[in-house]
Every structure is written in C-alpha cells, then in structure tokens.
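Every value quoted in this text rests on a predicted model; they were computed, and no experiment measured them.
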Amino acid sequence: MSVPIRMSNYFLRTLREDPSDAEVTSHRLLVRAGYIRRQAPGIFAWLPLGLKVKAKIETIIREEMAAAGAFEVHFPALLPREPYEITGRWDEYGDGLFRLQDRKGSDLLLAPTHEEVFTLMVKDLYNSYKDLPLSIFQIQDKYRDEARSRGGLLRGREFTMKDAYSFDYTDAGLDASYQAQRDAYERIFTRLGLEYVVVQADAGAMGGSKSEEFLHPTAVGEDTFVRSAGGYAANVEAFRTLVPAAIDFAGFPAAAVHDTPDTPTIQTLVHSANASQPRPDGRPWAAADTLKNVVLALVQPDGSREIVVIGLPGDREVDLKRVEVAFAPAEVEAANDGDFAKLAKVPGRPALVKGYIGPWSADGAMLGETSATGIRFLVDPRVVDGTEWITGANEHGRHVFGLVAGRDFVADGTVEAAEVRAGDPAPDGSGPVELARGMEIGHVFQLGRKYAESLGLKVLDENGKLVTVTMGSYGIGVTRALAVIAELNNDAKGLIWPKALAPFDVHVIATGRDEIVFETSEAVTALVEASGRDVLYDDRRKVSPGVKFGDAELIGIPTIVIVGRGAAEGIVELWDRRSGERTQVAVTELAAHFA
RNA sequence: CGGGGCGUAGCUCAGCUUGGUAGAGCGCUCGGUUUGGGACCGAGAGGUCGCAGGUUCGAAUCCUGUCGCCCCGACCA
C-alpha cells in the first residue's frame, strides 16, 4: 500500500501567476501547477506530479502493447553514427539531428527515432522465419533539434515516444502486424480519453507504402486534414484530387489569341476577359476558367536546381507543403529573378514572358520536356483532356482563349500541388470534404523492406531461401499526448485530470486550525488510502483555505475531500473538480463512497 | 532563416521617453495575530538591471555590438 503524500513536505511549488514564457494553455498550466519546468527551449524537467501522470499514460500504453503481443525493450538515446550512416539518415536528417563526438572524436547522435538499431538488434539475434512475426517496442526519449519548438510539451526537442517496430517475412504478415498495432492505438487513445481521427498520411521520406496518422482534432494542432461525411479522412498532404472524366473535344472551336493588356494577375485577366471577350453563352468568365502557370525551382539534396512549371486552375493557390511532398526529397522554392534570367539566356530557348506564361504559342509548344523550352510541365489533375482554358500566350499583354487540353497542349504529367478546399470531392466518392486542424498523436507506418535491405536483415524462409524482412514502425508521442490531454481537460482555475490519469486519486484538504480538523483529515486520508486510492493530503498549517482551494483547483485531482468546519460533527465535504459539485458526507459513510 | 516582442529580486512586473546611489506585489526567513476562497502587523534576507564596449562628472535609462528567450511564419517520419 502506498503512503499518502503530505503537501507540507512534497516537492511541489505552484505559481500564483502564469509564467511569462508560456502561452499555450497546457504549457501554462503544467508549469504553474508544478508538473514541469523548462530547462532550455523545448526541453523540460519533470517534477513529481508530472512524472506520475506520465507514468500513468505509459502504463496504459504498456498494457495495450502487451495485449498486442509486443515486447518491451530499451535502447540508448546516445547511439553511434554508423547505422545511421548506412541508411543515409545521418545526412538526410540535416540540422534536425543532435550530433556529438566522444573524446576519441567518434561521431555519436542523440536518436531522433530508432529504426536502425531495432533492425540491427533483430539481425543480431534472429535468422529464421520461425522467429517471425516479431513486434518490439520501447518508451524512450527522442531528440530532434527542431528549428522551432513550440507550445511547451506540444513540440519539444526532447520528448518521450513509444516506438514499436514489427518484423515479418511476408507482406500479409506485415499487414497483420500493422493492423494489430493500429487496433492497439485505437484502444490506447480511447483509454486516454483522446478523440482521434485516423487519416491517410504521406509516406514521405520514410519511403514506406502505407501510412496513417492519428490526429486529435484541435485548434492548436499543426496538421491540416480533410474528412468527408462518408468516412474519408486524409492529411492534406496525402489528399488525392478526384479526377474528372475526360471530355470529348471534337467540334470544339479553335483556340484564339486576344489582346489582354495589363493583365499580369488572374484577377486582372478575368476582368479584362469579361470586358473584351464575353463568353458566347453569356456566363461570365471566372478565375477557374484560367490556367495559372506557376514557375517553381526544385532544389535537389545534391544542390542542383531544376525549373518546373505547374499549371493549375486560376482560382487555386499552390500549397507549398503539398508540393514539397510531391517533389520530395527535393525542396521547393518560388522561382526567383535569377531563374527567369537563366531561362532567357539559354540559347535556342524562347524566354518565358513573366505574367503571360502558357504551354502554347503560335510557334508551337512552349512548356514540357519535348517542347521548345524543354521545361518540365506538370498540371493539376483537374486539367483533363477536353477542358478549355484561358492562359498566357507567351507574349506580353496577350492570352489565348479556348485552349483545349489534349488537343492544343500536353503536359508531362499531373501533380498534387493545388490547395485543398472545403467542399472538394473526396477521391473515394464519399462526398465533399471539410477541413480541420489536428495534432498528430500517433503514426503507424508500413516501412516495407527499406531498412532491412540497407542493413541486411534477412531470414531463411520455409524453402531455405534468404528473404529480406519487411518492417513496420509505430509511434505515439507520450509527452505530446500528455500535453494534448491537459489542453483538453482544464478550466479557468486549472487542470482537471481524467480519473485514469490524475497524479493522485483523491486530494484531501484540511482547512481550519482546530486539532480535530487534522485528526479527521488523517483518518479520512487513511480510510481513502485503504480503499486502494492514492491521496495527496494538504496538511499545511498556517496556509489559508483560499490558498488550498486554489492549489487544489490548479493541480486538478478529480476528487477533493474538504475537512473543515463540519469536522467536529464528523462531516466532510466531497468536491468534484470537474462538475464543481460539493456534497456533505459523514465520515462514517465515506468508506461507502470509496468502496 | 524571415517578421514581431522581451531580457530589472525566486515569480509577475514598474522604472527607461526627460541620465542623478534599485522599486512594487507575490514568494522566502523570524516574531505575533488570523483560518471555508489566494489574511494582517512588525522585523529581515534577496538584484554585477543578459553580456561587452562607448558617450558622460554620473548609465537600468542614451549609442554600438553581442548573447539569450518567447510568439508568428518557413522548416519539421
């Protein structure tokens, strides 16, 4: 049985005022209530109260990992360079990696994630398909030198993560291991009281095939995702445009070039078109009738720079995050004057006319790898064959009208570059999507054979043949989840923990100075402890009731017992932190309440 | 990396415009009075005003540089 903690000597100091460096609610309250203290930007120390909550979250995770058949291990945070050198991540992680050297000058790193060493450990110990499937996990601190940490625990440079890895030798096995982890995640987040949306995620630089994120919908979230009433959900970066059917353009009128002076922007172009070239059927031209050609520069990891033009409906902006994903690992920048100048100087290539760029000219194709310019030209998936566009004629002050895709120009391919908007149709036909903000609290990932291949993890299969193992990787941000839970469970007075996660089950407050109050409090504390609950007992003499009430509300233990003016009659008060409801209870009946 | 804000006591801040020997509230220590919503009285401890240089008889205050922190954006399995 545990021993009740007495506040008179507990390692705890609450702050009367909000810390000046905290703005996000969870950060503010966790610091103020004495759960954490900042050490450096994005790096926090854990005080007893904070550790207790963190441990409760970890216990839930451990129970569900065990239920999913995963075994717990523990790797160091400090690791040698070599495994990360082999997989290329020593370089790929760039500035995001904390690197250091030992006295001999050997390179080490503080692990941002542990795929490499888990893979090597399995390689070390296992050789046969009979050993698989295997799922192992750890709860360990991760280190990422974020360009900007924010929101206290929401994005730190040191944070606690549960990372699990699965090992199979067949694709079907990976599917099953992945599903087992995914199911465990659903149970974990449900037990944590965290609402979540499972969204399709971009596989990105991890190089895997299937990936889903668990996002908690919240305004403080950093991800934008879409969802439809019909059940589709995806991170905007993974959203795929519903491609409309091609249109039969036989009999469409020929494209025609018109003077459109002073129309470098879509807005001015639409205005000019309506004024001087009204549509035959009388409908006004809209931005969506124009094809906007955006010039971007792709910077490859080796530093080389390529110009690419993206054609998209004029009413859509380019979403830089989506473009980054589309062109990964290259970085994407808006083309600068230098890029344009270079284009103009290449002999034999017509210069693009800024503001009047288009895929077509009277002299032939202007965009595309087989065109006069040789510039790569990708279009939005909505630009299907038979769609008609107003777009730049590659002459200053002139645009071409009725330019038909598939007849007058052909792109090198399509690209998911355009912004996603509320009301866009979901790709699976489940209806229009809405946009929402979410915080990533979990990520499940089919890595495939990428790591096993580069690190040489193979086993002998039933036929005695060496096969490369296929892997999954599964993460939960433990400290981030704690912050999100705090973000969700509070009021103007302080934190309000769910019963399953509170640092203590019951907070006993002695108010008043009569000895009977303290005697009764001791008895109540013992009684509640005897029921198997942890008690935080505010036994401070000389501290006024107002301070104790305020601290209790700030700390946020769900059930508070006030021992005070009714003590002499054997009456105490039960105070529910969440509802604020207070009820008088005789001490003799208290045991029944905590049965 | 770009934009904005801020560095003065353990915490939250004032003082800076207009230079003149460092302030408040809370917290902390001691004594006393108080005890159901952040009490009161008295006595204390606690600060190289982020750092460096400059101007000046004199700098928290003015000037230059520098370091750091927070927020927004970029970035970020």
**Message:** Work out how far the C1' atom of B:G2 is from that of B:U48, and round it to whole angstrom.
**Reply:** 35 Å
**Prompt:** Between B:G36, B:C69, B:C72, which nucleotide gets closest to the side-chain atoms of A:T511?
**Reply:** B:G36
**Item:** Pairing partner of B:G58 (Watson-Crick or G-U wobble, both distances under 3.5 Å)
**Value:** none
**Message:** In whole Å, measure the gap between the C1' atoms of B:C40 and B:C72 for me.
**Reply:** 46 Å
**Request:** Write down the distance separating the P atoms in B:G7 and B:A45, rounded off to the nearest Å.
**Result:** 28 Å
**Request:** Sort out the partner of B:U17 for me: Watson-Crick or G-U wobble, both distances under 3.5 Å, none otherwise.
**Result:** none
**Request:** Give a yes/no answer on whether the side chain of A:S544 brings an N or O atom under 4.0 Å of OP1 or OP2 in B:A39.
**Result:** yes
**Request:** Determine: side-chain N/O of A:R13 to OP1/OP2 of B:C28, distance under 4.0 Å, yes or no.
**Result:** no
**Prompt:** Is atom CG of A:D141 surrounded by more than 12 heavy atoms (other residues, nucleotides or ligands) closer than 6.0 Å?
**Reply:** yes
**Prompt:** Which residue lies toward the 5' end of RNA chain B, A:Q584 or A:M161, if each is placed at its nearest nucleotide?
**Reply:** A:Q584
**Prompt:** In terms of side-chain heavy atoms of A:E440, which of B:C69, B:A77, B:A74 is nearest?
**Reply:** B:A77
**Prompt:** Under 3.5 Å, is there a donor-acceptor pair linking the side chains of A:T87 and A:Y451?
**Reply:** no
**Message:** Side chain of A:K321 only, heavy atoms from C-beta on: which candidate in B:C76, B:C69, B:A74 is closest?
**Reply:** B:C76
**Request:** Find which nucleotide of RNA chain B each of A:R32 and A:P41 is nearest to by heavy atoms, and output the residue with the more 5' nucleotide.
**Result:** A:R32
**Request:** Could you state the atom-to-atom distance from CE of A:M471 to P of B:A77 in whole Å?
**Result:** 18 Å
**Request:** In whole angstrom, give the distance that lies between atom CG of A:D514 and atom C1' of B:U35.
**Result:** 9 Å
**Asked** side-chain contact (heavy atoms from CB on, under 4.5 Å) with A:T588: which residues, sequence neighbours excluded?
**Response** A:A586
**Message:** Taking the P atom in each of B:U21 and B:C16, what is the distance between them to the nearest angstrom?
**Reply:** 14 Å
**Message:** Counting the atoms with a prime plus P, OP1 and OP2 as sugar-phosphate, which does A:E237 contact under 4.0 Å by heavy atoms, base, sugar-phosphate, or nothing?
**Reply:** nothing
**Message:** Heavy atoms from C-beta onward define the side chain here; which of B:G25, B:C69, B:A77 lies closest to that of A:E17?
**Reply:** B:G25
**Request:** For A:G152, answer base if it contacts any base atom (sugar-phosphate contacts may also be present), sugar-phosphate if it contacts only those atoms, and nothing otherwise; contact means non-hydrogen atoms under 4.0 Å.
**Result:** nothing
**Asked** Roughly, in whole Å, what's the span from OH in A:Y451 to P in B:A77?
**Response** 11 Å
**Message:** Measuring only the P atom in each nucleotide, how far is B:G23 from B:G15? A whole number of Å is fine.
**Reply:** 16 Å
**Message:** Could you tell me how far apart A:I571 (CD1) and B:G36 (C1') are, to the nearest whole angstrom?
**Reply:** 16 Å
**Prompt:** How far, in whole Å, is B:G54 from B:C13 if one measures between their C1' atoms?
**Reply:** 30 Å
**Asked** Taking atom P in both B:U64 and B:G25, what distance in whole Å separates the two?
**Response** 36 Å
**Item:** Six-ring centre of A:F44, A:R37 cation under 6.0 angstrom, axis tolerance 45°
**Value:** no
**Request:** Indicate, with a heavy-atom threshold strictly under 4.0 Å, whether A:G96 touches base, sugar-phosphate, or nothing.
**Result:** nothing
**Asked** Given atom CG of A:D223 and atom C1' of B:A77, what is their separation to the nearest angstrom?
**Response** 11 Å
**Request:** Please state whether the rings of A:F504 and A:Y10 are parallel, tilted or perpendicular, taking 30° and 60° as the class boundaries.
**Result:** perpendicular
**Request:** When you get a sec, tell me which of B:G36, B:U34, B:A77 is the closest nucleotide to the side chain of A:R89?
**Result:** B:A77
**Request:** Tell me the partner of B:C30, counting only Watson-Crick (N1-N3 plus N6-O4 or O6-N4) or G-U wobble (N1-O2 and O6-N3) with both under 3.5 Å; none if nothing fits.
**Result:** B:G42
**Request:** Locate the shortest heavy-atom distance separating A:P427 from A:F239; write the atom from each residue and the value.
**Result:** CD-CE1, 3.8 Å
**Message:** Could you tell me if A:R99 sits above the aromatic ring of A:W90, with its cationic atom closer than 6.0 Å to the ring centre and no more than 45 degrees from the axis?
**Reply:** yes
**Message:** For B:U12 and A:S20 - does any side-chain N or O of the residue sit under 4.0 Å from the phosphate oxygens OP1/OP2?
**Reply:** yes
**Fill in**
Under a 3.5 Å limit on both distances, the Watson-Crick or wobble mate of B:G2 is B:C72
**Prompt:** To the side chain of A:I562, which of B:C70, B:A74, B:G36 is closest?
**Reply:** B:G36
**Complete:** Which of B:G36, B:A77, B:C76 is nearest the side chain of A:F549? It is B:G36
**Prompt:** If you measure from the P atom in B:U8 to the same atom in B:A60, how many Å do you get, rounded?
**Reply:** 15 Å
**Message:** Does A:E573 reach a base, just sugar-phosphate, or nothing at all? Heavy atoms under 4.0 Å.
**Reply:** base
**Asked** Does a nitrogen or oxygen in the side chain of A:R148 sit under 4.0 Å from OP1 or OP2 of B:A74?
**Response** no
**Message:** Tell me whether the side-chain N or O atoms of A:R155 pair up with the base of B:C76 as donor and acceptor below 3.5 Å, since no angle test is needed here.
**Reply:** yes
**Prompt:** Counting only side-chain N and O atoms of A:R513, is one of them less than 4.0 Å from OP1 or OP2 of B:U34?
**Reply:** yes
**Message:** Treating A:E64 as the side-chain partner and A:I188 as the backbone partner, does any N or O pair qualify as donor plus acceptor under 3.5 Å?
**Reply:** no
**Message:** So A:R157, base contact, sugar-phosphate only, or nothing? Heavy-atom distance under 4.0 Å.
**Reply:** nothing
**Asked** According to the Watson-Crick and G-U wobble definitions, with both distances under 3.5 Å, which nucleotide is paired to B:C49?
**Response** none
**Asked** Excluding sequence neighbours, so at least two apart, what forms side-chain contact (heavy atoms from CB on, under 4.5 Å) with A:A184?
**Response** A:M65, A:A68, A:R187
**Asked** Expressed in angstrom and rounded to an integer, what is the separation of A:D21 atom CG from B:U12 atom C1'?
**Response** 12 Å
**Counter-base of B:G7, judged by Watson-Crick or G-U geometry with both distances under 3.5 Å** = B:C67
**Message:** Can you tell me which nucleotide in B:C72, B:G36, B:A77 comes closest to the side chain of A:T113?
**Reply:** B:A77
**Asked** Starting at CG of A:D319 and ending at P of B:G73, how long is that distance when rounded to a whole Å?
**Response** 14 Å
**Item:** Paired nucleotide for B:U35 [Watson-Crick or G-U wobble; both distances under 3.5 Å]
**Value:** none
**Message:** Can you measure A:Q446 atom CD to B:A77 atom P for me and round it to whole angstrom units?
**Reply:** 20 Å
